*Asks:* 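This structure is in C-alpha cells; I'll ask about it shortly.
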Amino acid sequence: QVQLVQSGGGLVQAGGSLRLSCAASGSGPSGRTFSRYTMGWFRQTPGKEREFIATIAWFGGGTYYSDSLKGRFTISRDNAKNTVYLQMNSLRPDDTAVYYCAAATAARTLQMSREYDYWGQGTQVTVSS
C-alpha cells in the first residue's frame with residue numbers, strides 16, 4: 001500500500017508563494033515504488049468537483065498543467081526523496097482550496113482524478129486579500 005503525506009499548506013497573502021510537498025512511502029502492486037508512479041496535484045473547494053492542477057509522469061518525467069494555472073504553478077519530483085512538490089507563485093484569493101496529491105501507476109501524464117489510485121490527506125491553502 002502506498003501512503004502519501006502532504007505538508008506545506010497554510011495562510012499566505014495575495015501575491016505570495018507556497019510550496020506543497022507530498023512524501024510517499026510503501027509500495028504498490030508488484031513492489032512498485034514512488035519512482036514508478038505518475039503524480040498529480042488537484043484542489044477542491046466546497047460544493048465543487050476536484051480540479052486538476054498538474055501532473056508529472058514517472059516515465060520520461062513529462063509534465064502537464066491546467067491551462068488556467070500554467071505559469072504560476074510548477075510540479076516537480078525528487079525520486080531520491082520519494083517526494084513530489086507543487087510550487088505556487090503569485091497566489092490569489094481564488095486559489096484558496098484544499099490541495100491534494102495523488103499517485104497513479106500509468107506511465108503517462110493524467111488529468112482525471114478517477115485515474116489515480118492513491119491520495120494524500122489534503123492540505124488547506126488559504127490566500128488572503
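Source: prediction; values computed, not measured.
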*Asks:* Could you please spell out the steps behind the side-chain contact (heavy atoms from CB on, under 4.5 Å) verdict for Ser25 and Val5?
*Replies:* CA-CA 8 Å; Ser25 62; Val5 178; 5.8 Å; no
*Asks:* How close do Leu110 and Ala104 get, heavy atom to heavy atom, and via which atoms?
*Replies:*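 Here Leu110 and Ala104 meet closest at CD1-CB, 3.4 Å.
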*Asks:* Transitively linked via ILVMFWY side-chain contacts under 4.5 Å: Leu69 with Leu86?
*Replies:*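 Cluster IDs for Leu69 and Leu86 match.
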*Asks:* Do Ser90 side-chain atoms and Gly15 backbone N/O form a donor-acceptor pair below 3.5 Å?
*Replies:*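 No, because the side chain of Ser90 does not come within donor-acceptor range (under 3.5 Å) of the backbone of Gly15.
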*Asks:* What residue among Phe42, Tyr100, Trp41, Phe52 forms ring pair (Phe, Tyr, Trp, His ring centres under 6.0 Å) with Tyr116?
*Replies:*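 Only one option passes, and that is Phe42.
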*Asks:* Would the distance check show the side chain of Thr38 and the main-chain N or O of Arg108 forming a donor-acceptor pair, the cut-off being under 3.5 Å?
*Replies:*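 Checking the backbone N and O of Arg108 against the side chain of Thr38, a donor-acceptor pair under 3.5 Å is found.
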*Asks:* Counting only N and O atoms by type, is there a donor-acceptor contact under 3.5 Å from the side chain of Gln6 to the main-chain atoms of Gly122?
*Replies:*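 Checking the backbone N and O of Gly122 against the side chain of Gln6, a donor-acceptor pair under 3.5 Å is found.
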*Asks:* Flag the pair Val84 / Tyr37 as yes when at least one side-chain heavy-atom distance between them is below 4.5 Å, and no otherwise.
*Replies:*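 Val84 vs Tyr37: side chains apart.
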*Asks:* Supply the atom-to-atom distance Leu91 CG to Gln13 CD, rounded to the nearest 0.5 angstrom.
*Replies:*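 Atom-to-atom, Leu91:CG and Gln13:CD are 11.5 Å apart.
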*Asks:* Can a donor-acceptor pair be found, under 3.5 Å and without considering hydrogens, that links the side chain of Thr83 to the backbone of Ala23?
*Replies:*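 Pair absent, no side-chain N/O of Thr83 close to backbone of Ala23.
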*Asks:* Mind listing the closest non-hydrogen atom pair of Trp58 and Thr105 along with its distance?
*Replies:*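 It is NE1-O, 3.4 Å.
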*Asks:* For the residue pair Val125 and Arg43, establish whether any side-chain heavy-atom pair is separated by less than 4.5 Å.
*Replies:*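 Val125 does not reach Arg43 side chain to side chain.
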*Asks:* How about Phe34 and Val2: do any of their side-chain heavy atoms sit closer than 4.5 Å?
*Replies:*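 No, every pair of side-chain atoms sits at 4.5 Å or beyond.
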*Asks:* Keeping Gln1 on the side-chain end and Gly26 on the backbone end, is there a donor-acceptor pair under 3.5 Å?
*Replies:*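 No, Gln1 side chain to Gly26 backbone: no donor-acceptor pair under 3.5 Å.
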*Asks:* If you measure from CD on Glu51 to CD on Gln44, what distance do you get to the nearest 0.5 Å?
*Replies:*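 Between Glu51 CD and Gln44 CD, I get 10.0 Å after rounding to 0.5 Å.
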*Asks:* Minimum heavy-atom separation for Ala24 to Leu4, with atom names?
*Replies:*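 In this case the closest contact between Ala24 and Leu4 is CB-CD2, 3.6 Å.
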*Asks:* Can you list the steps and then say if Ser17 with Asn89 is a side-chain contact (heavy atoms from CB on, under 4.5 Å)?
*Replies:* CA-CA 4 Å; Ser17 298; Asn89 298 327; 2.9 Å; yes
*Asks:* With a 4.5 Å cut-off on side-chain heavy atoms, are Trp119 and Ser113 touching?
*Replies:*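 Yes, close enough: below the 4.5 Å cut-off.
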*Asks:* Which heavy atom of Thr126 sits nearest to which heavy atom of Gln124, and what is that distance?
*Replies:*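 The answer is OG1-NE2, 3.3 Å.
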*Asks:* Atom CG in Asn82, atom OG1 in Thr33: separation rounded to 0.5 Å?
*Replies:*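 Interatomic distance, Asn82 CG to Thr33 OG1, rounded to 0.5 Å: 7.0 Å.
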*Asks:* Restricting to non-hydrogen atoms, name the atom on Thr45 and the atom on Thr96 that form the minimum distance, rounded to 0.1 Å.
*Replies:*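 Closest approach of Thr45 to Thr96, heavy atoms only: CG2-O, 3.2 Å.
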*Asks:* Distance from Met112 atom CE to Thr55 atom OG1, nearest 0.5 Å?
*Replies:*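 OG1 of Thr55 is found 12.5 Å from CE of Met112.
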*Asks:* Kindly give the heavy-atom pair with the smallest separation between Ala103 and Met39, and that separation in Å.
*Replies:*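 For Ala103 and Met39, the tightest heavy-atom pair comes out as CB-SD, 3.5 Å.
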*Asks:* Between atom OH of Tyr85 and atom CG of Leu20, what is the distance when rounded to the nearest 0.5 Å?
*Replies:*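 The OH atom of Tyr85 sits 12.0 Å away from the CG atom of Leu20.
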*Asks:* Please report the interatomic distance OG(Ser35) to CZ(Phe59), rounded to the nearest 0.5 Å.
*Replies:*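 Rounded to the nearest 0.5 Å, the OG-CZ separation comes to 12.5 Å.
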